[in-house]
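By convention in this document, chain letters (A, B, ...) are assigned in the order of the sequence lines, proteins followed by strands, and residues within each chain are numbered from 1.
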Amino acid sequence: MLDITRIQNLLQHRYPFLLIDRVLEFEEGKRVKAIKHVSFNENFFQGHFPSEPIMPGVLIIEAMAQASAIIIGKEEGYTGLLTGIYKAEFKVPVRPGDTITLESEIVQRVKNLIRVKATATVNEKLVTKAELGFVVVEKPSK
Amino acid sequence: MSEVEQKLAHIIAEVVEIEKNELLQKRDVNFFKELGVDSLLGLELVAAVEREFDIKIEDEEITDLDTFDAILNLTNKKLEVKK
């Protein structure tokens, strides 16, 4: 299990763009299971939409990508960048109060190009699924 | 043209974003030097071929895959081994 402190040791993402709260399970290089609690207090709900708060699908994809980043290329000095989003489907709207369970599994690796299959569920119901492509590259030096 | 050749031409044309007919006219043309394929797109190409034919191309084998014919030959070899 990885709490938010340990997640921040692994991911470069920070507020307002760190979209996973806890990693429940992970097998490096293989699969990961993480959660994100969805709160009305998040900045994007102000605008999406004032009449009906719905979490933007692309941010669910981003949360999936961040969960995936936990298991992709964690060598010192390397980071994963998104190269593609494939077969994305948004089945059920995600709303404030939901807890999203994000699962991602590496299904293909060609040198430093990696493909994952990811799902997002709420109360065990599938809300979003997609395949994501990543390339592992050297982190830019400061 | 074999079914493998057809399928391969289709997916490579899609990934590289050129017309299938143009690709087939340039089957021995170097992807990287003359068809605008960079290293990332090269990997995407290999990945697409792996998925389409359910084969595994090893890292060491990738360096020689710089033309349509080269990929076709390797794909046929891998499919032969699978039989």
Establish whether [X] and [Y] are linked, either directly or via other cluster members, by ILVMFWY side-chain heavy-atom contacts under 4.5 Å.
{"X": "Val122(A)", "Y": "Ile35(A)", "result": "no"}
{"X": "Phe17(A)", "Y": "Ile85(A)", "result": "yes"}
{"X": "Val4(B)", "Y": "Phe68(B)", "result": "yes"}
{"X": "Leu126(A)", "Y": "Leu24(A)", "result": "no"}
{"X": "Ile55(B)", "Y": "Val15(B)", "result": "yes"}

- Which atom of Val110(A) lies closest to which atom of Val46(B), heavy atoms considered: CG1-CG1, 3.8 Å

- So which bits of residues 24-34 of chain B come within less than 4.5 Å of chain A, counting non-hydrogen atoms only? none

- Task: With a 4.5 angstrom heavy-atom cut-off, could you sort out which part of Ile62(B) is near chain A: side chain, backbone, both or neither?
- Result: side chain

Under 3.5 Å, what donor-acceptor pairs does chain B form with chain A?
residue, atom, partner, partner atom, Å
Ala47(B), O, Gln108(A), NE2, 3.0
Glu50(B), OE1, Gln108(A), NE2, 2.9
Arg51(B), NH1, Gln108(A), OE1, 2.6
Lys56(B), NZ, Arg109(A), O, 3.1

